[in-house]
Amino acid sequence: MANALREHRVVVVGAGVGGLVAALQLAQRGLAVTLLEAAATPGGKMRQPHVDGAAIDSGPTVFTMRWIFEQVYASAGARLEDELELTALPVLARHAWGADEHMDLFADPARSRDAIARFAGPAEANRFAQFCRQARKVYDTLEGPFIRSQAPTLASMHGDLGLRGLAVLASLGPMRSLWSTLGRHFHDARMRQLFARYATYCGASPWQAPATLMLVTQVELDGVWSVRGGIHALAQSLAQLAVRQGVHIRYGTRVQAIDIEHGRACGVWLAGGERLAADSVVFNGDRSALAQGCLGEAARAATTAVAADERSLSALTWSLHAATEGFPLERHNVFFQPDYRREFDDIFAHGRLPATPTVYVCAQDRGVPGEPVPARDRLLMLVNAPAEARRTLTESEIDACEGHSFSLLARYGLTVSRTPQNSLRTCPSDFHRMFPGSAGALYGMATHGWMSAFRRPGAASRIAGLYLAGGSVHPGPGVPMAAMSGQLAAATLVAHLDSTSRSRRVRISGGTSTRSVTAATTG
Ligand SMILES: Cc1cc2nc3c(=O)[nH]c(=O)nc-3n(C[C@H](O)[C@H](O)[C@H](O)COP(=O)(O)OP(=O)(O)OC[C@H]3O[C@@H](n4cnc5c(N)ncnc54)[C@H](O)[C@@H]3O)c2cc1C
């Protein structure tokens, strides 16, 4: 088997976190891995453009579930803490509903409870504690049977949950929306809105997301870390680790087509006309790119595209290197508008930018105790936006949303000294260009309705030898989940090799075949 693995050539397409983890783990198992990335750097959405001389994390900023990365590094014989400097943030996020109406959530649950008691009263603080107990139960119930499992189905979940798990889900009311469930927990409208926002971490509307998405709250309450050098440093570090494991990485290399012969992936064609032979291919781009034929006609059959009305949220973002004044920024800041429903109706029902956007601001040099605040902040500012599945947003719509967003910040006391030189705006159409097939949707399919989680494809595609990894496949979006999907893709590929090799050995020992094990696994 060891020889078979060494001779098995895998091409991984895309160095997003899912592709990096898949490549790393396949190389660690001894396979010959080449990783091809269209961009000049690793990370995909974990990108870090330079604005006015400063490197600004302009994709994910909230780093959670560090245990997944501890496992990934350990699988390659390394320790996360030796490779990256992570600091737990004492304040998870600052939430504002006005210039003098702020509330923080803390890493320490007792501090959060006190803050809620001061902000919304002791009874609401008790309700928060009760909500946390339920969110914990939901998380513990779903982690094994859902998050860690290969493409779970309703039937497999039913079996894996056991009676106790089924009881936890039944107590939630499985058909209920997150918004409706939060209404049973919280009486203060602001608390309901705060916890409803976690649906957006899966690109969903709280009104359409299932109640089970309260597990995302639990993920954040379990800790948020600052990564020295930004989350992009995680991508760089994973790429270095992959190279140490023997992965050959080529940046600036776009794959134009996946070569499929006799129903099996057998290589890739690069944009320049070069062909690389492979025994298996792992695709880390958006799964819709395959189904839409962006990787060649033959690869269309690999999976299904996300339907236009099922696309998750996109975003309008500003990466800024600017002086700020007024509002006391933490690392993660959320500026809420009172009419939350309208925001999601605008986006999902009307396919337009929100007239009343909630604004998220990540101040990337704040929040780590003892670190000085610089004269100019490195900021990522983000508002939710529709994916461009049906039409392209116009420049004037985008300008109007920009106006609403910055004037909300000003009303809440935050002044940002913005100039054309220190600000970089990224629109849904830019995300679509960077991540082909996505229509700018950042999380694949929105987690809408309780069945949606079962409609994501797993790691094995419908074409032999072609595997899927990343935020648009199971278990879903977000840096840790996409990493988990990379792990699942590597495990699925190796399991297929194991079973092919076992069946060949049986046939060889039974005298029905003279092909070598290597030939069998690469054939
Ligand atoms: C603005 C923003 C904010 C976010 N905030 C958070 C957050 O706070 N916390 C969090 O956990 N998650 C967040 N996310 C989501 C998170 O970034 C993603 O879920 C995750 O990074 C997706 O990883 P992936 O493995 O799917 O790969 P991707 O990041 O989608 O990368 C795919 C890679 O494949 C490459 N590729 C595609 N096609 C080809 C081809 N044909 N040839 C060669 N290369 C190709 C692309 O260039 C890209 O590098 C955010 C995302 C964005 C954009």
Side-chain angles (χ1 to χ4, degrees), residues 11-23 35-47 56-66 68-69 93 198 200-203 216 219-220 224-225 227 231-232 234-235 238-239 249-258 268-271 281-290 294-296 299 312-319 331-332 360 362 380-385 426-428 430-438 440-444 468-473 475-487 489:
V11 166
V12 178
V13 183
V17 65
L20 287 165
V21 169
L35 173 55
L36 306 174
E37 168 55 54
T41 53
K45 297 186 179 86
M46 299 157 76
R47 63 196 189 96
I56 304 199
D57 265 346
S58 298
T61 49
V62 183
F63 182 69
T64 55
M65 297 178 101
R66 79 174 263 170
I68 290 184
F69 292 94
Y198 287 102
T200 65
Y201 285 30
C202 293
V216 181
V219 163
E220 189 152 314
V224 174
W225 283 265
V227 184
I231 291 197
H232 180 69
L234 171 67
L238 285 169
I249 306 186
R250 288 173 63 176
Y251 295 110
T253 305
R254 178 169 295 283
V255 171
Q256 197 146 43
I258 296 173
V268 295
W269 289 99
L270 307 187
V281 175
V282 178
F283 183 68
N284 175 226
D286 194 291
R287 75 181 224 225
S288 295
L290 288 170
C294 306
L295 279 298
S312 63
L313 289 170
S314 186
L316 189 53
T317 66
W318 296 264
S319 310
R331 171 66 65 100
H332 303 291
Y360 164 75
C362 175
L380 176 70
M381 184 174 145
L382 180 153
V383 303
N384 295 322
T426 307
C427 309
D430 299 317
F431 286 116
H432 175 62
R433 253 191 308 283
M434 286 184 276
F435 308 108
S438 69
L442 301 179
Y443 312 90
L468 311 176
S472 66
V473 302
V479 172
M481 291 299 98
M484 182 77 87
S485 104
Q487 280 185 314

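These numbers come from the heavy atoms of this one structure, side chains and all, not from hydrogens, waters or symmetry mates. Whatever order the structure lists ligands and atoms in, that order sets their numbers, starting from 1.
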Rounded distance [0.5 Å steps], CG in L468 versus OG in S485: 8.5 Å
If the contact criterion is a heavy-atom separation under 4.0 Å, does A315 count as touching ligand 1? no
Let's go through V219 and Y201 carefully: what are the C-alpha distance in whole Å and the side-chain angles of both, what is the deciding distance for side-chain contact (heavy atoms from CB on, under 4.5 Å) to 0.1 Å, and is it a yes or a no? CA-CA 11 Å; V219 163; Y201 285 30; over 6 Å; no
Is there at least one pair of N or O atoms, one from A38 and one from ligand 1, spaced under 3.5 Å apart? yes
Taking atom CD1 of I56 and atom CE of M381, what is their separation to the nearest 0.5 Å? 13.0 Å
Looking only at protein heavy atoms, which one is nearest to atom 25 (O) of ligand 1, and how far off is it? G18 N, 2.8 Å
Run the side-chain contact (heavy atoms from CB on, under 4.5 Å) test on F283 and V473 for me, step by step, so that the C-alpha distance in whole Å, both residues' side-chain angles and the decisive distance to 0.1 Å come before the verdict. CA-CA 11 Å; F283 183 68; V473 302; over 6 Å; no
Rounded to the nearest 0.5 Å, what's the gap from CG on D430 to CG on L316? Could you check? 9.5 Å
Calculate, to the nearest 0.5 Å, the distance between atoms CZ and CD belonging to F63 and E220 respectively. 13.0 Å
Contact partition for T64 relative to ligand 1, non-hydrogen atoms under 4.0 Å: neither
S314 (side chain) donor-acceptor with G440 (main chain) under 3.5 angstrom: yes
The closest protein heavy-atom partner of atom 8 (O) of ligand 1 is V62 N, 3.0 Å
Based purely on interatomic distance, does T61 place a nitrogen or oxygen under 3.5 Å from a nitrogen or oxygen of ligand 1? yes
heavy-atom search around atom 11 (O) of ligand 1 in the protein gives V479 N, 2.8 Å
Does an N or O anywhere in L380 fall below 3.5 Å from an N or O of ligand 1? no
Shortest protein contact, atom 24 (P) of ligand 1 (heavy atom only): N284 ND2, 3.7 Å
What protein heavy atom sits nearest atom 37 (C) of ligand 1, and how far away is it? G285 CA, 3.9 Å
Ligand-residue contact atoms, ligand 1 with G44, heavy atoms, under 4.0 Å: 29 (O), 31 (O), 48 (C), 49 (O)
Point-to-point distance, once rounded to the nearest 0.5 Å, from OG of S58 to NZ of K45: 14.5 Å
What do you reckon, does L295 have a nitrogen or oxygen under 3.5 Å from a nitrogen or oxygen of ligand 1? no
Consider every N or O of L442 and every N or O of ligand 1, then say whether any pair is closer than 3.5 Å. no
Protein contact to atom 29 (O) of ligand 1 [nearest heavy atom, distance to 0.1 Å]: K45 N, 2.8 Å
Sub-4.0 Å heavy-atom approach of G486 to ligand 1: no
Sub-4.0 Å atoms of ligand 1 with respect to non-hydrogen atoms of T253: 43 (C)
Using the rule given for side-chain contact (heavy atoms from CB on, under 4.5 Å), can you reason through V227 versus H232, listing the C-alpha separation, both sets of side-chain angles and the distance that settles it, and then say yes or no? CA-CA 9 Å; V227 184; H232 180 69; over 6 Å; no
Within the 3.5 Å criterion, strictly below it, is a donor on Y360 or T61 matched to an acceptor on the partner's side chain? yes
Enumerate the atoms of ligand 1 whose separation from the nearest heavy atom of P480 is less than 4.0 angstrom. 11 (O)
Assess whether side-chain contact (heavy atoms from CB on, under 4.5 Å) is satisfied between L290 and I258, documenting all intermediate values. CA-CA 9 Å; L290 288 170; I258 296 173; 3.8 Å; yes
If we only consider heavy atoms of Y201, is any one of them less than 4.0 Å away from an atom in ligand 1? no
Identity and distance of the protein heavy atom lying nearest atom 49 (O) of ligand 1: E37 OE1, 2.7 Å
Between the side chains of R47 and T426, does any donor sit under 3.5 Å from an acceptor? yes
Kindly confirm or rule out an N or O of F431 lying under 3.5 angstrom from an N or O of ligand 1. no
Are any of the N/O atoms in S58 less than 3.5 Å from those in ligand 1? no
G43 heavy atom under 4.0 Å from ligand 1: yes
Proximity winner for atom 19 (O) of ligand 1, if only heavy atoms of A482, A441, S312, G478 are counted: G478
Kindly confirm or rule out an N or O of V13 lying under 3.5 angstrom from an N or O of ligand 1. no
Which ligand 1 atoms are under 4.0 Å away from a heavy-atom of V17? 23 (O), 25 (O)
Under a 3.5 Å distance rule, please check whether T253 uses its side chain to pair with a backbone N or O of Y251 as donor and acceptor. yes
Nearest-0.5 Å distance, CG of residue N284 to CG of residue L36: 11.5 Å
shortest atom 26 (O) of ligand 1-to-protein heavy-atom contact is with G471 N, 2.7 Å
Closest to atom 15 (C) of ligand 1 by heavy-atom distance, out of F435, Y443, Y360, is Y443
Does the N or O separation between S472 and ligand 1 drop below 3.5 Å for any pair? no
